[in-house]
Every structure is written in C-alpha cells, then in structure tokens.
Amino acid sequence: MALLYDGNRTDRKDIRLVYKGESKFNVLITHYDLIMRDKSFLKKINWHYMIIDEGHRLKNRDCRLSQTLVNEYDPIFTSFLCCYSICMI
C-alpha cells in the first residue's frame, strides 16, 4: 500500500494517528518540506529504502536536507550520502 503523506497540519496529524507503527504501509510519498517539518514522526519509521528526488540538494552535503537526513534520521543515510556524493563526481 502506498500512502500519500501530505496536506495541512490537521490532515497530517490524522495520517500519523492512523499509520503510526510498523508495517502499515509499503511506500510513503511526501516532499522536501514535510521531510524537514515532520521529522519527529518520520524519523521513527524503520526505513528499508528512501528515495529522494532532490539530487540538486543532495549534491551539497552541507545543505539542510543532507544534514537533516544524517543527523535526524537513520544512520544509514551517512553511508548513502557518501556513496551518492561519489557517484555524482
């Protein structure tokens, strides 16, 4: 099941209440703003994969998105960002 994580604050709160916990969805679709804004919820998810269509931002390892992924989300993103940076050279 794919879950669209979007909407106003109230809509997203309702989504969080319904889908809190493991294995309630296979794919979560959202955007940059909500990765940053709702990280307290999203970082609790045990991510197996995360696809981020923000290559122009991730090229800069010092950008806010890269730093948020490395510092706030799973430690696997440190390895991902290093690998991504090497691939972009």
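Side chains included, hydrogens not; waters and symmetry mates left out as well; all remaining heavy atoms used.
A distance of 8.0 Å separates CZ in Arg37 from CZ in Arg9, rounded to the nearest 0.5 Å. Separating the CD1 atom in Ile15 from the CZ atom in Phe25 is a distance of 10.5 Å, to the nearest 0.5 Å. Atom CZ of residue Phe41 and atom NZ of residue Lys13 lie 13.5 Å apart, to the nearest 0.5 angstrom. Taken from OH in Tyr5 to CG in Leu28, the straight-line distance is 8.0 Å, to the nearest 0.5 Å. To the nearest 0.5 angstrom, Ile35 atom CD1 is 11.5 Å from Arg64 atom CZ.
The backbone N or O of Met1 lies less than 3.5 Å from a partner atom in the side chain of Asn26, making a donor-acceptor pair. Asn8 places a side-chain N or O within 3.5 Å of a backbone atom of Asp11 that can act as its donor or acceptor partner.
With contacts defined as side-chain heavy-atom distances shorter than 4.5 Å, the pair Arg16/Asp38 qualifies.
A salt bridge is absent between Arg12 and Asp6; no separation between the charged side-chain nitrogens and carboxylate oxygens falls under 4.0 Å.
Ile29 forms part of a hydrophobic cluster together with Leu4, Val27, judged by ILVMFWY side-chain heavy-atom separations under 4.5 Å.
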